[in-house]
Amino acid sequence: EAPAKAEPSGDQPLSPAVRKIVEEANVDPSRIEGSGKDGRILKGDVLAFLEKDEGGKAEAPAQAK
Amino acid sequence: MQPEIRRFLHPDGTATGPLPEPLADPDRLVGLYRGMVLARAFDEKAISLQRTGRLGTYASSLGQEAVSVGTAAAMDDADVFAPSFREHGAQLWRGVTPEELFLYWGGDERGSAFEGPKRDFPVCVPVATHFPHAVGAALALKLDGGASVAVAIGGDGSTSKGDFYEALNLAGAWRLPAIFVISNNQWAISVPRQAQTASRTLAQKALAAGIPGWQVDGNDAVAVASCVGDAIARAREGAGPTLIEALTYRLGDHTTADDARRYRSDEEVSGHWKEEPLTRLRTYLANEGHWDKDREEALIREVRQRIDEAAEHYLATPPQLPEAMFAHLFATLPAPLEDQVRSLGGDAGNGEGSP
Amino acid sequence: MQPEIRRFLHPDGTATGPLPEPLADPDRLVGLYRGMVLARAFDEKAISLQRTGRLGTYASSLGQEAVSVGTAAAMDDADVFAPSFREHGAQLWRGVTPEELFLYWGGDERGSAFEGPKRDFPVCVPVATHFPHAVGAALALKLDGGASVAVAIGGDGSTSKGDFYEALNLAGAWRLPAIFVISNNQWAISVPRQAQTASRTLAQKALAAGIPGWQVDGNDAVAVASCVGDAIARAREGAGPTLIEALTYRLGDHTTADDARRYRSDEEVSGHWKEEPLTRLRTYLANEGHWDKDREEALIREVRQRIDEAAEHYLATPPQLPEAMFAHLFATLPAPLEDQVRSLGGDAGNGEGSP
Amino acid sequence: MSGVTMVEALNLALARALREDERVVLLGEDIAADGGVFRVTDGLLATFGADRVRDTPLSETVIAGASVGLAAMGYRPVAEIQFMGFIYPTIDQMANHASRLRTRTRGRLSCPMVLRAPYGGGVHAPEHHSESMEAMFAHIPGLRVVIPSSPRAAYGLMLAAIRDPAPVVFLEPKRLYRAVRETVEDTGEALPLDRCAVEREGRDLTLVSWGAMMLETRKAAETLAGEGIEAEIVDVRTLAPLDARTIVDSVLKTGRCVIVHEAPLTGGFGAEIAARLAGEGLMSLVAPVARVAGYDTVMPLLRLEAAYMPSTDRICEAARQAMEFS
Amino acid sequence: MSGVTMVEALNLALARALREDERVVLLGEDIAADGGVFRVTDGLLATFGADRVRDTPLSETVIAGASVGLAAMGYRPVAEIQFMGFIYPTIDQMANHASRLRTRTRGRLSCPMVLRAPYGGGVHAPEHHSESMEAMFAHIPGLRVVIPSSPRAAYGLMLAAIRDPAPVVFLEPKRLYRAVRETVEDTGEALPLDRCAVEREGRDLTLVSWGAMMLETRKAAETLAGEGIEAEIVDVRTLAPLDARTIVDSVLKTGRCVIVHEAPLTGGFGAEIAARLAGEGLMSLVAPVARVAGYDTVMPLLRLEAAYMPSTDRICEAARQAMEFS
Ligand SMILES: Cc1ncc(C[n+]2csc(CCOP(=O)(O)OP(=O)(O)O)c2C)c(N)n1
Ligand SMILES: Cc1ncc(C[n+]2csc(CCOP(=O)(O)OP(=O)(O)O)c2C)c(N)n1
Ligand SMILES: [Mg+2]
Ligand SMILES: [Mg+2]
Ligand SMILES: [Mg+2]
């Protein structure tokens, strides 16, 4: 069975860079508050979320690669 | 195999002998003269508009009016003309309006939507690429079953392009009603005729295609009209294409962007002024009693007025709206392009994109 | 202006008169004959390899060997040759090996890395596009200051391309040491010579460029060598280019992918077998006492052996590794292409990508 | 063996066009007596006569240019260039004239011509006989570029191309000329231009291709299905003007895209498709857009041809890599 | 007014190349007595003589083809095509010969030629004088395509192109011919080929362009800076082979990219750059890759030219839209 496509959980789809951080940190994007246009989750939102979120991975990537 | 150069009028306006029928008719001759005066007046106006920033780069036909007008005069309305960029005389003769020509040279594509000669090709800038069009048009005319012909004019430089040769060769192989007129003005921008080819004449290039090649004095409108007329008559009879080399001289710069003094002497140019086509025909007409100062002045007045009127109309024509760029790209706008038209603020439905 | 067709040997092998010096030398004649036999043997082997799936599509020169070999025989090693795709005879004469030719036609680019004529152009498939190369090479040779010349061969069909004409015209305008040989085999695939152009001869196309155009019996190797030799001599003296139309016939199919019976009759072909070049020269040599059955058999044996050897070498040559596709794209592999070479499993450092 | 080959389908379409519209004229090298080197025009000379099925001299420039002239006069020339490697001399006419005659004359003249050429590799043809330069024409505004990938598509798209008032560059993937047979009803029905066709539906990734590479693409989809990867296949069919919508919509669903073409990678038409995805389609992408293409090198002679041509393996591999991004 | 124009810089480079290497030969229409219609070759006939600075007949096909022949014999022809709209007849020679002579002969022959042409719009030139068809050449493997965007780049890149053993298509943005002046030291120092230049650093988004559009791009970067948006600018310089690394690395930092070119959008070279970002660069993208380009239509005559050309406004607008994604 092929891995299912990751569905963006907000109203707005995630950009590839944001999706990558979210996936690598293994967080549920619906927990993140989007500050972008129409509530879009931005890279900064994820990084801020990871910083203060205890459940986030200890070595959350600081930068998309 | 030196073909003789057809000429009826010497540079001094005297005739080499009786003029050929039906051109000998004074009305016809005056018509030819008027056509050349109109072309020259158009050129003058165009250059002055360009100099004052109101027209794009412009290629004057100064000195070559007889080739252009003589050729057009030999054609019927139903024939098809494929000009280069220096044949305003022929275009005006065939019914392209000076308004349209100003629009074209002013950078407005509506200038090629000729109301007059509906099937004539627009001005062709890429040198010699219109000769193949004339060949295709000639095939169409032949398949149509009528006796119409296609006529293309190019410069001496155009004879160096493969397109010229391939077109002649195909027209010859298929015996098509196509006439190729070379307005040999001795220069292709800065490259003199002698450097363009080692061929002794341009007319003899016809031999490569197995078709007749003739030379004519291109400053003698009567000779040009007669020569092209004979070629057209041959073509109408099914005898196929002809190449005509009309010997003339470019008295002006190549275009308004050129400075011919960089590569040719003033003496050379002034020498050629003695052979120019308007004086020649006017002198003949005057000698024969068909022309005088009053008629000349009246003509000049009439022609200038027509041209000024056209220029004003041109200058008063508002530019198209941006979406006009798409108006005629396809017969109907393909769906994938709708976004682009919309991004121009335009309405895909607005055909011509006129304001 | 009907140029005469140069010929020294009639189809039946009798001479039209004394053969020209230095070609009259029996050793030279035997050399020409050998060159043609070699070309034919190469053709036969190539066709049989193609039929058995061991060579790509192949264009045989059957019947045209005299043009190819006669031309090459008139050239010096230091001259430059630009062949079309049917000039194996000339290429072999000039030192391209049959191994190389098999490799090329077998689809291996190493076949054009000639060890012999280092400056000769590879086979040219896009018709007529090599004429401009010969012109450029001729300019180079002229600038070099020596007396070398460039020689290009193309077919009757190639004379319809703009490239042919532009090349001739430039060579004429610049008076370059370039010789253009047309191997007029009467067919361009299925299009007969008469449909190719209305020009009575192909030689007269030279007039369009203002250069001499000659006709020669292309099935008479002596006449070809003599004619091309004269043109080369003119060029070496600085007299400029010459166009030579060699009249011959394509006895085989256009290529192994063609079936000529679709468009021409067996009778036409068999008629031309009576004029083919090998028999003609062999008969002459035999009549003059320079040839006999033993010498013929020995030659055939020697030539076949050489060709078989070459074929075996070719068949035994392992194909290049995939990264060879990049080995000579640039002199040194540009950094942006390194990934692609690596993805082929290759090593950018492996120049030729040989296994 | 039932059905017809692409060569036969094209022949049917040309015959029908000649029959239904007397303005249709065929021209090219060896298309008359010889019926075309691939036999696409076989028999048409006999049926329609030498006025309408015309062998030209060996002159690609004037084949294109005379077609422009014919089309301007209301005829519908269908010109054959024998192989795409010899099409370059036509670009001047196609770019400077055919594509813009209507624009320049504000619709007074138009250029309803078709420029046909077999294209592509994989048939062990001689040098210069295997190129794929469709991207050059697709970059010329005012032209349509149409490429069929089956006999049926060839029939329907050729009729559409001939009837279309715009100049159409119609590229025939010669590896498909006789590779497959298909029932083609000679109904005269054209297929729509300017539309990509979703040839197979799938939820996991989108394979986009055209021409002969559709063969490998279809095979890849089957192989992938065996691995549980359901690929959607988009056959581009009309490269220009490009129906990007259909591709973007497919990727909106699948999130992944592999584009397949045999022309060299850099500047190939796959770049345009990837660019549309990087633009309008970006937010739906869960994996990098892959292009499986020819290498940025000269089309090799036949011994290395197979190494050059994109393979089913390379497509599958790219697809699997895309699937690794969840 | 200090410094030299791009025309003068090119003239300096050509003069130096003629001086330093006697194999360098210039050819083209009106380049000798007239010094080129833009004066790029002004004075070179007088200095270097008629053997080395040669007016050709009006024959683009043989200008390219004879250059191939000259180059194969070891000369270094620098051929001028008067305007890019007349360059199409050279494509056959460039694609079928120049680009592959070295490959075909395994390095036995090579083709160190330069094909120069002024290109691009915005100078109110006549019909067919304003085209930008760089993408066609960039799709031909084996060619280099080089485009300078300043007098200094023109000087250094022209020297590099002439010295390079590969065939180079060198496109001169004629709108820049006299638009700016810059100090150019005639040191004979070439600039590297196959490298994009990061002309300005910035953290927020990457603007990628080449040729005359660098003017608008630079202006846009300034305007954006005024709005607090720091744009990095990449001048592509060598389109083929493309140094995608530099562009991808820049976008890795900025996450956003706007590509600017004046050629028509579809199939323009911007597509290739966007495709690289959709591939290798995808995971660094925070916003759709935007292309600000010419429209997919015929380059209009001068009255509508301004509406066609990408403007600073359009670039800024695309940049602002990209910024909305962060
Ligand atoms: C194919 C092509 N190459 C170059 C140019 C640039 N150009 C415009 S006119 C011209 C010279 C044309 O000479 P000729 O054919 O004698 O015509 P003339 O200008 O003398 O009327 C040149 C080189 C062009 N328009 N087309
Ligand atoms: C420019 C170009 N167009 C078409 C072809 C396909 N083609 C290969 S050979 C040939 C006929 C060539 O005829 P000719 O010049 O007489 O040479 P021949 O084959 O008779 O030796 C054609 C049309 C080609 N190779 N190049
Ligand atoms: Mg002239
Ligand atoms: Mg032949
Ligand atoms: Mg170089």
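Numbers restart at 1 for each chain; the letters A, B, ... are given by sequence-line order, proteins then strands.
Minimum heavy-atom separation, E:A98 to E:P167: O-CG, 3.4 Å. Taking all atoms of both residues into account, the shortest heavy-atom contact from D:A293 to D:A263 is CB-O, 3.7 Å. Across every non-hydrogen atom of D:P288 and E:G279, the tightest pair is CB-O, 3.3 Å.
Neither the backbone nor the side chain of D:A244 comes within contact range of chain E; no heavy atom of the residue lies under 4.5 Å from a heavy atom of that chain. Residue D:L239: no heavy atom, backbone or side chain, is found under 4.5 Å from chain E. Looking at E:A138, only its backbone comes within 4.5 Å of chain D, counting heavy atoms on both sides. For D:I91, the parts sitting under 4.5 Å from any heavy atom of chain E are the backbone and the side chain alike.
Atom CD1 of D:I87 sits about 10.5 Å away from atom CE of D:M136, to the nearest 0.5 Å. Remark: D:L143 CG to D:M94 CE distance equals 5.0 Å, nearest 0.5 Å. Between the CG atom of E:L242 and the CD1 atom of E:I247 there is a distance of 5.0 Å, given to the nearest 0.5 Å. Expressed to the nearest 0.5 Å, how far CZ of D:F269 lies from CD1 of D:I147 amounts to 9.0 Å. Put simply, CE on E:M84 and CZ on E:F137 are 5.0 Å apart, with the number rounded to the nearest 0.5 Å.
Counting heavy-atom pairs closer than 4.5 Å to chain D, the top residue among E:G270, E:P264, E:P241, E:A274 is E:P264. Top candidate by heavy-atom pairs under 4.5 Å with chain E, chosen from D:G294, D:C257, D:G268, is D:G268. Interface check for chain D: of the options E:L301, E:L277, E:V298, the most heavy-atom pairs under 4.5 Å are formed by E:V298.
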Considering only heavy-atom distances, could you tabulate the donor-acceptor pairs under 3.5 Å between chain E and chain D?
| unit_1 | atom_1 | unit_2 | atom_2 | d |
| --- | --- | --- | --- | --- |
| E:G85 | O | D:N96 | ND2 | 2.8 |
| E:N96 | OD1 | D:H128 | ND1 | 2.9 |
| E:N96 | ND2 | D:G85 | O | 2.8 |
| E:R100 | NH2 | D:E131 | OE1 | 2.8 |
| E:R104 | NE | D:E127 | OE2 | 2.3 |
| E:R104 | NH2 | D:E127 | OE1 | 3.3 |
| E:R104 | NH2 | D:E127 | OE2 | 3.3 |
| E:E127 | OE1 | D:R104 | NH2 | 3.4 |
| E:E127 | OE2 | D:R104 | NE | 2.3 |
| E:E127 | OE2 | D:R104 | NH2 | 3.4 |
| E:H128 | ND1 | D:N96 | OD1 | 2.8 |
| E:E131 | OE1 | D:R100 | NH2 | 2.8 |
| E:H139 | ND1 | D:T266 | O | 2.7 |
| E:H139 | ND1 | D:G267 | O | 3.4 |
| E:H139 | ND1 | D:G268 | N | 3.4 |
| E:T266 | O | D:H139 | ND1 | 2.7 |
| E:T266 | OG1 | D:R276 | NH2 | 3.0 |
| E:G267 | N | D:E272 | OE1 | 2.7 |
| E:G267 | O | D:H139 | ND1 | 3.4 |
| E:G268 | N | D:H139 | ND1 | 3.4 |
| E:E272 | OE1 | D:G267 | N | 2.7 |
| E:E272 | OE1 | D:R291 | NH1 | 2.9 |
| E:E272 | OE2 | D:R291 | NH1 | 3.4 |
| E:E272 | OE2 | D:R291 | NH2 | 2.8 |
| E:R276 | NH2 | D:T266 | OG1 | 3.0 |
| E:A278 | O | D:V289 | N | 2.8 |
| E:V289 | N | D:A278 | O | 2.8 |
| E:R291 | NH1 | D:E272 | OE1 | 2.9 |
| E:R291 | NH1 | D:E272 | OE2 | 3.4 |
| E:R291 | NH2 | D:E272 | OE2 | 2.8 |

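Side-chain contact between E:I140 and E:V169 is absent, with no heavy atoms from C-beta onward closer than 4.5 Å.
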